[in-house]
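Because the structure is a prediction, the values reported are computed rather than measured.
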Amino acid sequence: MTSFFFTQQASNWQQVLRRSRSGGFFSRLFAWLMLGLLMLVGLLVVVAVLLLSWLLIPVLLYKKHRAMEKMRAAGMAQPAYPGHAGYGHTASRGDVIEGVVKEVRDDDQR
């Protein structure tokens with residue numbers, strides 16, 4: 001049963017390929033030119049987006065720098081971890097946290 005469907009599908013594909021080969025030179029040339037044009041348009045879009053992103057990087061960095069200077073001028077404290085402002089505490093670079101390390105041994109684990 002499966003071989004019947006396979007042979008039927010293979011013969012269908014062979015007929016499709018025969019029909020496509022029977023196309024003239026100009027239809028093939030037109031197809032290749034359209035494919036090349038489509039690839040060229042895609043390449044131009046990718047290059048344009050890449051250049052736009054490169055041009056926007058300095059603008060965004062300038063805006064961030066200007067916003068940080070406004071925060072400093074307003075006297076607002078900066079977070080200890082600039083990328084993670086959600087920690088809820090600020091620490092200056094001179095703070096020292098002192099503590100004692102205790103070693104606890106569990107004698108049952110030996």
Side-chain angles (χ1 to χ4, degrees):
M1 183 99 170
T2 306
S3 62
F4 171 73
F5 290 123
F6 177 75
T7 55
Q8 185 179 8
Q9 190 65 28
S11 66
N12 287 343
W13 277 109
Q14 287 174 355
Q15 288 176 1
V16 168
L17 287 174
R18 276 192 217 113
R19 275 188 247 137
S20 67
R21 287 183 186 168
S22 66
F25 172 74
F26 291 111
S27 64
R28 288 186 193 173
L29 181 65
F30 179 72
W32 278 105
L33 288 176
M34 290 305 293
L35 179 65
L37 184 66
L38 184 66
M39 290 179 69
L40 186 63
V41 168
L43 179 66
L44 289 175
V45 167
V46 167
V47 168
V49 169
L50 181 67
L51 289 176
L52 182 66
S53 68
W54 284 349
L55 290 174
L56 286 178
I57 288 172
V59 173
L60 294 175
L61 288 176
Y62 174 74
K63 283 186 175 184
K64 184 175 181 181
H65 179 72
R66 193 170 61 184
M68 289 295 288
E69 286 191 1
K70 282 183 182 179
M71 285 178 57
R72 284 186 191 144
M76 297 177 74
Q78 293 181 6
Y81 304 101
H84 306 287
Y87 280 117
H89 67 281
T90 59
S92 65
R93 293 179 187 250
D95 288 348
V96 176
I97 299 173
E98 295 183 12
V100 178
V101 177
K102 292 185 177 180
E103 182 179 351
V104 178
R105 291 189 178 194
D106 200 12
D107 292 334
D108 297 335
Q109 296 284 331
R110 288 187 188 180

Chemist: What pairs meet the side-chain hydrogen bond (donor to acceptor under 3.5 Å, both in side chains) rule with one or both residues in residues 53-69, with sequence neighbours excluded?
Modeler: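 Found His65-Glu69.
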Chemist: With hydrophobic residues grouped by side-chain heavy-atom distances under 4.5 Å, do Leu52 and Val45 end up in a single group?
Modeler: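 The answer is no; the residues belong to distinct hydrophobic clusters.
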Chemist: Compile the donor-acceptor pairs under 3.5 Å between side chains in residues 6-13 and protein atoms, sequence neighbours left out, one pair per line.
Modeler:
residue, atom, partner, partner atom, Å
Thr7, OG1, Ser3, O, 3.0
Thr7, OG1, Phe4, O, 2.8
Ser11, OG, Thr7, O, 3.3
Ser11, OG, Gln8, O, 2.8
Asn12, ND2, Gln8, O, 3.4

Chemist: Tracing side-chain links under 4.5 Å among I, L, V, M, F, W and Y, which residues wind up in one group with Phe30?
Modeler: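 Phe30 clusters with Met34.
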Chemist: How does the hydrophobic cluster around Leu55 look, that is, which other residues are in it when side-chain heavy atoms under 4.5 Å mark a link?
Modeler: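 Its cluster partners, ordered by chain and number, are none at all.
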Chemist: Would you compute the distance between atom CG of Leu56 and atom CG of Leu61 and round it to the nearest 0.5 angstrom?
Modeler: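 Atom-to-atom, Leu56:CG and Leu61:CG are 11.0 Å apart.
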Chemist: Other than Met39, what residues sit in its cluster of Ile, Leu, Val, Met, Phe, Trp and Tyr side chains whose heavy atoms are under 4.5 Å apart, directly or through others?
Modeler: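 Trp32, Leu35, all in the cluster of Met39.
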Chemist: Can you name the residues that form a side chain to side chain donor-acceptor pair (under 3.5 Å) with Glu103, not counting sequence neighbours?
Modeler: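 In terms of side chain to side chain donor-acceptor pair (under 3.5 Å), with neighbours along the sequence ignored, Glu103 is linked to Arg105.
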